[in-house]
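Each remark here refers to the structure printed beneath this line.
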Amino acid sequence: MEVIFHEKQEGSLCAQHCLNNLLQGEYFSPVELSSIAMQLDEEERMRMAEGGLTSEEYRTFVQQPSGNMDDSGFFSIQVISDALRVWGLELILFNSPEYRNRGIDPINERAFISNYKEHWFTVRKLGKQWFNLNSLLTGPELISDTYLALFLAQLQQEGYSIFVVKGDLPDCEADQLLQMVQVEQVHRPRLIGEDAATRDQRVQKNELGVEGGQLYEAPSMQDEDEENLQKALALSRQQVEMEDEEADLRRAIQLSMQGGHACELSSSIPQSSGTNDPESMTSDELRRRRQQQLKLEQLGSDSLTETTNALTADSDAGLSEAATNISLNTSGQSTKLAEEK
C-alpha cells in the first residue's frame, strides 16, 4: 500500500500527521499550524479585552498558557478546523443531534477525524475501501464496510471524539488508483513498537468482538457479583464441613478416653446428610466417610492395643504370684518331712 500517503508518528505532532494523512500529502507543517494557533490566541485575547484590560477575567486569561497549542506539538480542534477550512472542508461532531438527524450511513461518508487524550488520527475512504491512517501504526490498516460502524462505535466507547469531514477532498493518486482496483491486506500493521505476537492478540480480540456482536468480552458487573456470591457460598460450605469433621473427631477421642469400643464410636458419630447408598453419594461425602472410618479403625486399634497390654501385664503378674506360692508350698513341705524323719 505504498501508494497511500501515511505519515508515522514523530514526537507529539499527531495533529499534523492527521491532517496530512487526510489530505494525502505534506500540506501542513508545524510552523504553519503554530501560526494558525497564535492567530486564534490573539482573537481570543481581543475578545477578553472587551471586558476591560484591568478585569480579573482578562488578567487570568493572559497568565494562562495557550489553549490551542503547547510545546509538545499538540494542536486543538480549533486549529485543525481552521486549517481544513482553507480547503473548503468542515468538521461536524459525529454523535451530535445535528448529524444524527441527517440519518447518513457512515459508509457513505468520505472521512472521519478522531481525537482522544491529545491524539488525533484519520479514517478515510480511498477508492471504494476504508483505511485507518493512524500515525501510531506502521502502515495503513484496511477496514471493511461491515466493520466500519463497529469500529467507530468502539472508538466512542473508549472515549474518542469523532468528527465527520464534510466537503470535497483534494484529488490524490491513491484515490484514483483504488477506484479501479481493490486491495487485500494479508498482515495487519502493528502499532509502532509493538511486536508481532502482541499485534496478533490485539487483532484476534477485535475479530472475536465483531463476530460475537460485542465490542468487549469483559463480564458485566452483575455477572461478577453472581460469581463472587457463588464463591462465598462454596467457601462457607467448606468451612461448615471442616467444623463438623473437627467436632466428630473431638467426640470420638472423648469416647475413646472413656473406654468406649469402636462400635460405640461408630454409632455415636452422626452420618452425613443424605442417603447412605455409596453410589448416590457425592465425592465429598465419600471422602468424609472414608476419613471417619480410618479414624475409627485407628482409635479401635489403639484401644485394642491398650487392652491387650493391660491383660498381658495382669497375666504376667498372676503367673509370677502363682510361681511364688508354689515355691513356698514346696519349701514348706520339704521342711515338714525333714522334721518327721
Side-chain angles (χ1 to χ4, degrees), residues 5-102 104 109-124 132-137 152 155-156 158-172 192:
F5 181 87
H6 180 251
E7 277 187 358
K8 298 181 180 63
Q9 188 75 16
E10 292 183 6
S12 299
L13 298 174
C14 54
Q16 172 196 328
H17 304 320
C18 173
L19 289 169
N20 289 340
N21 289 340
L22 171 67
L23 302 175
Q24 285 294 286
E26 296 180 355
Y27 285 82
F28 292 99
S29 67
V31 175
E32 293 170 329
L33 295 178
S34 297
S35 176
I36 296 175
M38 287 188 290
Q39 183 178 352
L40 288 171
D41 288 343
E42 181 62 20
E43 292 175 358
E44 292 175 3
R45 188 193 66 78
M46 293 177 63
R47 285 195 298 270
M48 294 297 297
E50 294 176 357
L53 299 178
T54 59
S55 65
E56 184 67 24
E57 291 79 6
Y58 180 79
R59 288 201 299 263
T60 302
F61 173 79
V62 295
Q63 291 176 358
Q64 292 177 346
S66 171
N68 294 299
M69 67 176 180
D70 59 26
D71 296 337
S72 67
F74 167 77
F75 295 98
S76 68
I77 180 62
Q78 288 81 10
V79 174
I80 294 177
S81 180
D82 279 17
L84 291 177
R85 193 173 293 117
V86 176
W87 292 93
L89 301 172
E90 178 187 5
L91 296 180
I92 300 178
L93 191 61
F94 179 64
N95 61 349
S96 64
E98 175 190 358
Y99 180 75
R100 290 186 176 277
N101 290 336
R102 299 182 181 184
I104 302 176
E109 299 291 356
R110 295 297 301 171
F112 300 93
I113 286 180
S114 301
N115 167 253
Y116 179 65
K117 291 185 177 180
E118 301 185 352
H119 179 65
W120 299 91
F121 72 92
T122 291
V123 178
R124 174 173 172 173
N132 177 9
L133 303 177
N134 194 336
S135 58
L136 293 177
L137 294 173
L152 296 176
L155 292 178
Q156 286 184 305
E158 293 176 355
Y160 278 84
S161 297
I162 304 176
F163 300 90
V164 185
V165 181
K166 306 297 291 186
D168 295 330
L169 293 165
D171 292 334
C172 63
I192 295 176

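All values derive from a computational prediction rather than experimental measurement.
- Between Val164 and Phe112, the closest side-chain pair of non-hydrogen atoms falls below 4.5 Å.
- Residues Leu84 and Leu22 are in side-chain contact: their nearest non-hydrogen atoms beyond the backbone lie under 4.5 Å apart.
- When every heavy atom of Asp70 is checked against every heavy atom of Ser72, the shortest pair comes out as OD1-OG, 2.6 Å.
- To the nearest 0.5 Å, the span separating CD1 on Ile80 from CZ on Phe163 amounts to 8.5 Å.
- Ring pair Tyr99/Phe94 is tilted by interplanar angle, where 30° to 60° counts as tilted.
- When His6, Gln9, Lys8, His17 are each tested for a side-chain hydrogen bond (donor to acceptor under 3.5 Å, both in side chains) with Ser135, only one passes: Gln9.
- Residue Asn95 places its CG atom among more than 12 non-hydrogen atoms of other residues, nucleotides or ligands, all under 6.0 Å distant.
- No donor-acceptor pair under 3.5 Å is formed between the side chain of Asn21 and the backbone N or O of Thr122.
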Begin from the C-alpha positions of Phe121 and Leu155 and carry the test side-chain contact (heavy atoms from CB on, under 4.5 Å) through to its verdict.
-> CA-CA 12 Å; Phe121 72 92; Leu155 292 178; 3.9 Å; yes
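- Remark: Asp168 CG is loosely packed, at most 12 non-hydrogen atoms of other residues, nucleotides or ligands lying under 6.0 Å away.
- Put simply, the side chain of Phe5 reaches to within 4.5 Å of the side chain of Asn20, judged on heavy atoms.
- In this structure, the separation between CD on Gln16 and CZ on Phe74 is 14.5 Å, given to the nearest 0.5 Å.
- By the ring-ring contact (aromatic ring centres under 6.0 Å, His included) test, Tyr58 pairs with no residue at all, sequence neighbours left out.
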Candidate pair Tyr27 and Glu32, rule side-chain contact (heavy atoms from CB on, under 4.5 Å), full reasoning = CA-CA 9 Å; Tyr27 285 82; Glu32 293 170 329; over 6 Å; no
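- With a 4.5 Å cut-off on side-chain heavy atoms, Glu7 and Leu13 do not count as touching.
- Annotation: Glu26, atom CD; neighbour count of heavy atoms from other residues, nucleotides and ligands within 6.0 Å does not exceed 12.
- Considering CG of Leu91 and CG of Asp82, their distance stands at 10.0 Å, rounded to 0.5 Å.
- Within 6.0 Å of atom CD in Glu10, 12 or fewer heavy atoms from other residues, nucleotides or ligands are found, so the atom counts as exposed in its surroundings.
- Side-chain polar atoms of Gln78 and Ser76 form a donor-acceptor pair below 3.5 angstrom.
- You'll find the side chain of Ser114 stays beyond 4.5 Å of the side chain of Glu158, heavy atoms only.
- Between Ile77 atom CD1 and Ile113 atom CD1 the span is 6.5 Å, to the nearest 0.5 Å.
- Although no hydrogens or angles enter the test, the distance criterion places no donor-acceptor pair under 3.5 Å between the side chain of Arg110 and the main chain of Lys166.
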What do the steps show when you test Asn134 against His119 for side-chain contact (heavy atoms from CB on, under 4.5 Å), and what is the final call?
-> CA-CA 10 Å; Asn134 194 336; His119 179 65; 3.0 Å; yes
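- At least one side-chain heavy atom of Ser34 sits under 4.5 Å from a side-chain heavy atom of Met69.
- Residues Arg102 and Ile92 form a side-chain contact, since some pair of their non-hydrogen atoms from C-beta on lies under 4.5 Å apart.
- The two residues Val79 and Leu33 come nearest to each other via the heavy atoms CG1-O, 3.8 Å.
- With rounding to the nearest 0.5 angstrom, the SG atom of Cys14 is 7.5 Å from the CG atom of Leu136.
- The existence of a salt bridge linking Arg45 and Glu42 is confirmed by a sub-4.0 Å separation between a basic side-chain nitrogen and an acidic carboxylate oxygen.
- Side-chain atoms of Trp120 do not come within 3.5 Å of backbone N or O of Leu19 as any donor-acceptor pair.
- Counting heavy atoms from C-beta on, the side chains of Thr60 and Met48 never come closer than 4.5 Å.
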